[in-house]
Amino acid sequence: MLSATIAAHPAAGAAALLRRHSVRPRQPPRASIGTAAPRRRMAAARLSVTNAVASQALEGVPAAPPKLSFPILINSCTGKMGKAVAEAAVSAGLQLVPVSFSAMEVPDGKVEICNREIRIHDPSESEQILPSIVKDYPDLIVIDYTVPDAVNANAELYCKLGLPFVMGTTGGNRQLLHKTVQDANIYAVISPQMGKQVVAFLAAMEIMSEQFPGAFSGYKLEVMESHQASKLDVSGTAKAVISCFQKLGVSFDMNEVKLVRDPEEQVTLVGVPEEHLSGHAFHMYHLTSPDGTVSFEFQHNVCGRSIYAEGTVDAAMFLYTKIQSGASKKLYDMIDVLREGNMR
């Protein structure tokens with residue numbers, strides 16, 4: 001479930017108004033009119049006109065992206081997010097490399113995903129094992145869903161080995177992360193948010209903050225985010241949205257974000273469905289004018305992980321096409337992926 005609301009009203013806490021647009025039913029095509037022409041000539045004429053119209057219509061439709069198949073290594077597929085990405089990748093026809101890395105102990109040192117056996121190695125072995133994987137899978141792309149503390153070390157290793165990668169893990173030193181990739185001149189997609197629709201919302205926020213700086217000067221901002229208990233840090237999405245509000249003139253410190261990680265509070269206070277306590281992302285940003293007469297609320301709620309998994313696979317496909325085309329630009333984010341327009 002993904003929802004987004006924007007409200008402007010004199011009384012804080014009022015519900016946003018939703019407006020549903022009616023859709024006019026498509027009119028049936030008019031029958032061709034002919035008089036003295038023979039039936040066979042009429043049929044040929046209709047066929048000719050139909051082909052011409054279809055040809056013109058097709059000229060304005062972008063060609064469907066070619067079916068891609070290339071190897072990806074999910075680091076790590078023992079976590080719920082990594083497993084969701086692995087399942088989405090297999091569903092998309094990509095080749096899942098039967099190797100992953102994780103400090104988590106698993107029975108017999110392996111996991112099964114989509115009837116594929118994945119051998120799990122300790123992260124300390126990655127530098128010794130990855131070079132042979134690169135030889136066996138020449139077009140390999142790595143997808144990283146590990147832990148915040150491993151972001152920079154993992155990126156350094158990928159760059160050292162010349163491995164293109166998609167960084168879905170949040171946290172770490174993001175400035176250092178970008179510098180590492182740029183210095184190594186390696187292809188990569190780095191984004192704190194892989195959900196395509198949420199990224200579109202972030203892009204809209206960026207545009208607003210750039211075109212209307214200071215528009216919310218003096219406003220008070222309250223931020224609340226709820227994630228599964230295993231997510232320890234403030235989400236990269238919240239940080240990006242808050243950064244936009246700061247450009248819009250709002251004074252706010254990241255330490256003021258209210259992190260909701262208690263399952264009971266998530267159900268009673270936030271409204272998270274119980275079946276999604278183990279995987280959700282509910283964000284609320286509430287702005288109040290200095291005199292308290294106007295308030296705005298931005299909210300996006302995600303249940304489950306499919307939106308991120310599908311977006312991550314799209315990012316990997318995007319990166320693969322850039323590599324194959326020899327694109328001069330090598331460091332991308334999800335907005336670049338959205339702009340390409342070839343998502344499934």
Side-chain angles (χ1 to χ4, degrees), residues 71-92 94-127 129-130 133 140-155 157-158 163 165-172 174 177 188-195 198 225-238 259 261 263 266 272 275-282 302-316 334:
I72 62 165
L73 186 152
I74 312 295
N75 185 25
S76 167
C77 63
T78 57
K80 292 179 180 178
M81 190 62 239
K83 182 179 179 183
V85 173
E87 291 171 346
V90 171
S91 177
L94 304 187
Q95 305 165 31
L96 187 59
V97 173
V99 174
S100 188
F101 302 92
S102 175
M104 182 186 301
E105 292 187 7
V106 295
D108 300 323
K110 58 188 177 183
V111 296
E112 187 173 296
I113 299 176
C114 298
N115 298 319
R116 291 162 173 79
E117 188 177 280
I118 311 298
R119 177 63 59 181
I120 307 300
H121 298 271
D122 189 84
S124 62
E125 302 177 84
S126 58
E127 191 165 359
I129 294 174
L130 276 176
I133 300 296
L140 179 67
I141 290 178
V142 175
I143 293 177
D144 191 294
Y145 275 104
T146 52
V147 293
D149 289 343
V151 165
N152 294 104
N154 286 351
L157 177 59
Y158 304 148
L163 269 173
F165 65 93
V166 175
M167 180 60 74
T169 311
T170 60
R174 307 306 279 192
L177 173 61
V189 174
I190 299 174
S191 178
Q193 171 60 251
M194 290 293 176
V198 180
E225 62 150 65
S226 173
H227 286 265
Q228 58 277 6
S230 60
K231 183 169 180 57
L232 305 177
D233 59 332
V234 177
S235 74
T237 303
L259 301 179
R261 298 294 185 266
Q266 290 174 337
V272 179
E275 63 270 26
H276 292 294
L277 286 174
S278 62
H280 69 278
F282 279 38
V302 176
C303 291
R305 297 178 174 84
S306 62
I307 184 175
Y308 310 120
E310 294 295 334
T312 302
V313 171
D314 280 335
M334 280 300 288

For K80 and S230, which I'm curious about, is there any donor-acceptor pair between the side chains at under 3.5 Å?
no

Heavy-atom side-chain contact between L96 and C114 under 4.5 Å:
no

In the structure I gave you, are the side-chain heavy atoms of N154 and T169 within less than 4.5 Å of one another anywhere?
no

List the steps, then state whether side chain to side chain donor-acceptor pair (under 3.5 Å) holds for S235 with T237.
CA-CA 5 Å; S235 74; T237 303; 4.6 Å; no

Using modelled atom types and a 3.5 Å cut-off, is there a donor and acceptor pairing between side-chain atoms of S91 and backbone atoms of E87?
no

Shortest non-hydrogen pair, H227 vs A281, comes out as CE1-CB, 3.3 Å

Between E225 and R261 (salt bridge meaning N to carboxylate O under 4.0 Å), is one present in this structure?
yes

Kindly check if the number of other-residue, nucleotide or ligand heavy atoms within 6.0 Å of CD (E125) is above 12?
yes

Parallel under 30°, tilted from 30 to 60°, perpendicular over 60°: which one fits the rings of H121 and F101?
tilted

Are any non-hydrogen side-chain atoms of V166 and M194 less than 4.5 angstrom apart?
yes

Note: F165 and A155 closest approach over all heavy atoms is CZ-CB, 4.1 Å

Would you confirm whether D108, through its side chain, and K110, through its main-chain N or O, come within 3.5 Å as a donor-acceptor pair?
no

Any side-chain heavy atom of K83 sitting closer than 4.5 Å to one from V111?
no

Can a donor-acceptor pair be found, under 3.5 Å and without considering hydrogens, that links the side chain of S100 to the backbone of S76?
no

Answer whether the closest heavy-atom distance between the side chains of C77 and I120 falls below 4.5 Å.
yes

Nearest heavy-atom approach of V97 to I133 is CG1-CG2, 4.1 Å

Verify side chain to side chain contact (heavy atoms under 4.5 Å, CB included) between K231 and M81, making sure each step is shown before the conclusion.
CA-CA 11 Å; K231 183 169 180 57; M81 190 62 239; over 6 Å; no

Sub-4.5 Å side-chain heavy-atom contact between H276 and V302:
no

